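Before any comments, here is the structure.
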Amino acid sequence: MLGIETTCDETAAAVVARMADGSGQILSNIVRSQIAEHAAYGGVVPEIAARAHVDVLDSLIDAAMREAGVDYADLDAVAAAAGPGLIGGVIVGLTTAKAIALVHDTPLIAVNHLEAHALTPRLTDHLAFPYCLFLASGGHTQIVAVVGVGDYVRLGTTVDDAMGEAFDKVAKMLGLPYPGGPQVERAAKDGDAARFAFPRPMLGRADANFSLSGLKTAVRNEASRIESVTPKDISDLCAGFQAAVLESTADRLSVGLKLFREQFGGPTALVAAGGVAANQAIRAALDDVAKAAGTKLVMPPPALCTDNGAMIAWAGAERLVLGMIDGMDSAPRARWLLDANAQVPKKFSNTRAGF
Ligand code: KG4
Ligand code: ZN
């Protein structure tokens, strides 16, 4: 299976094989990040992203096929992320996959990018259903019950900013470079988390939803009260912000796991994916939450937690085995819910990449 990913600021292509026993093997997995192109703007610029995908995708696919040592005739199908994401980029990847499918007379699989994140632990850890996924990246913050291929139930989500987006915005307001998550984590290390009394959003609520924009505003308000912000102030603000995110996340996830147990029984694991899961403090907190809920924490390696082509190819392979093939009329989608019947809070119209 050839997999193509272009929904945000990574152009990626990979070739993955699915074995008869259901395990997976990555034959090649090439990712080209656009961080350098977007850094000057402090965030991803959709039009720049789409153009950068066009520039490199063909040669990236070529390289992935060569590295895997397979010919187009060897492919059982071609998979592309058809959304959710920045629409210009999604069009580039999906159209390229359609062209390959047409020319080489092979089936097309239009993969939901979130589904690809959700199924990754089956590629990396051969994990059995059902499991509880915590997905936290620049565009998504969700707790999802992964019940089977194509069978996902969203247990919680952000009502405003995505978690990575909040890290990026806090970094930006403190003058730290993009992407902000790793910068905030680094600055927080020597900071005094108790200096500022930041709110713990949603703590104790019966649902498993997240909210991050109020916390972000609280950081801005405290920072604006300081006349001339020193590196020590930045460290303390970052430490306070991260501590609040941690406490809120642990609380939201323990509620999510409780809802999971009520509806599906015990999960085989709590799985963390998305760029924010690279944060060491958050990883430690997730480990505690999983233990307290009587399950284990599974984290795919960082390169497969963040956006990549292997996850798209793998989701395509899982779908192909079940005969889930898509037509040439498959549409690119800026928004695409993982669980089609989910209720979407109104505030979602403000969020970045669609849920
Ligand atoms: O999954 P990802 O690479 O791309 C998508 O957004 O799809 O996630 C990137 C996001 C960015 O917002 C980045 O700031 C955040 O993940 N991030 C982190 C850390 N590393 C990356 N957030 C907090 N702590 C980190 N160490
Ligand atoms: Zn992603």
Side-chain angles (χ1 to χ4, degrees), residues 3-12 31-35 38-39 41-44 46 49 53 80-86 89-90 93 111-120 133-142 144 158 161-174 176-189 191 210 212 215-216 219 238-239 241-246 248-249 271-286 299-312 314-315 334 336 338 351-355:
I4 297 170
E5 159 61 36
T6 55
T7 62
C8 191
D9 60 345
E10 261 104 22
T11 317
V31 181
R32 186 193 169 275
S33 168
Q34 302 176 357
I35 284 179
H38 300 291
Y41 306 95
V44 178
H53 289 306
L86 301 172
V90 177
V111 169
N112 180 316
H113 175 95
L114 300 175
E115 170 172 51
H117 277 301
L119 295 177
T120 296
L133 172 76
F134 173 51
L135 175 61
S137 69
H140 322 288
T141 305
Q142 310 194 5
V144 180
T158 179
D161 288 354
M163 198 171 279
E165 189 183 2
F167 270 91
D168 293 338
K169 286 179 176 169
V170 163
K172 195 173 180 182
M173 69 177 78
L174 297 176
L176 302 172
Y178 176 84
Q183 304 285 338
V184 170
E185 181 179 13
R186 200 166 309 137
K189 279 212 173 84
F210 294 79
L212 290 139
L215 174 58
K216 175 193 69 190
V219 176
C238 288
F241 167 75
Q242 188 172 279
V245 171
L246 279 186
S248 174
T249 300
V271 176
V276 181
N279 184 301
Q280 294 297 328
I282 289 181
R283 289 171 93 117
L286 295 188
M299 304 238 334
L304 295 172
C305 271
T306 55
D307 293 351
N308 64 87
M311 70 177 190
I312 305 298
W314 174 252
W336 187 357
L338 201 45
T351 53
R352 196 188 92 192
F355 294 82

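The shown structure was predicted, so the numbers you read here are calculated from the model rather than taken from an experiment. We count ligands from 1, going down the list as the structure has it; atoms in each ligand are counted the same way.
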What I'd like to find out is whether the side chain of [X] reaches to under 4.5 Å of the side chain of [Y], using heavy atoms alone.
X    : Y    : value
H140 : T158 : no
T249 : M163 : yes
L212 : V245 : yes
E165 : K216 : no
W314 : L119 : yes

- Could you grab the angle centred on the Zn ion (ligand 2), going from OD1 in D307 to NE2 in H117, to 10°? 90°
Just jot down the ligand 1 atoms closer than 4.0 angstrom to any heavy atom of [X], in number order.
X    : result
G275 : 1 (O), 2 (P), 8 (O), 16 (O), 17 (N), 18 (C), 19 (C), 20 (N), 21 (C)
G164 : 12 (O)
E185 : 25 (C), 26 (N)
T306 : 1 (O), 3 (O)
G138 : 5 (C), 6 (O), 8 (O), 9 (C), 10 (C), 12 (O)
D168 : 11 (C), 12 (O), 13 (C), 14 (O)
G139 : 6 (O)

- Does an N or O from N279, backbone or side chain, lie closer than 3.5 Å to an N or O of ligand 1? yes
- Query: Below 3.5 angstrom, do we get any N/O pair linking H113 and ligand 1?
  - Reply: no
- Tested for side-chain contact (heavy atoms from CB on, under 4.5 Å) against L338, the lone hit among L114, L135, L133 is L114
- So is G274 in contact with ligand 1, going by heavy-atom distances below 4.0 Å? yes
- Query: How are the rings of F134 and F210 set relative to one another: parallel (under 30°), tilted (30 to 60°) or perpendicular (over 60°)?
  - Reply: parallel
- Proximity of Y41 and Y178 rings by center, below 6.0 Å: no
- Task: Using a 4.0 Å heavy-atom cut-off, say whether P182 meets ligand 1 through its side chain, its backbone, both or neither.
- Result: both
- Query: To which of A166, S137, G181 does the heavy atom nearest atom 18 (C) of ligand 1 belong?
  - Reply: G181
- Side-chain donor/acceptor of H113 to backbone N/O of T6, under 3.5 Å: no
- Task: Could you tell me whether the Zn ion (ligand 2) has an N, O or S atom of C8 under 2.8 Å away?
- Result: no
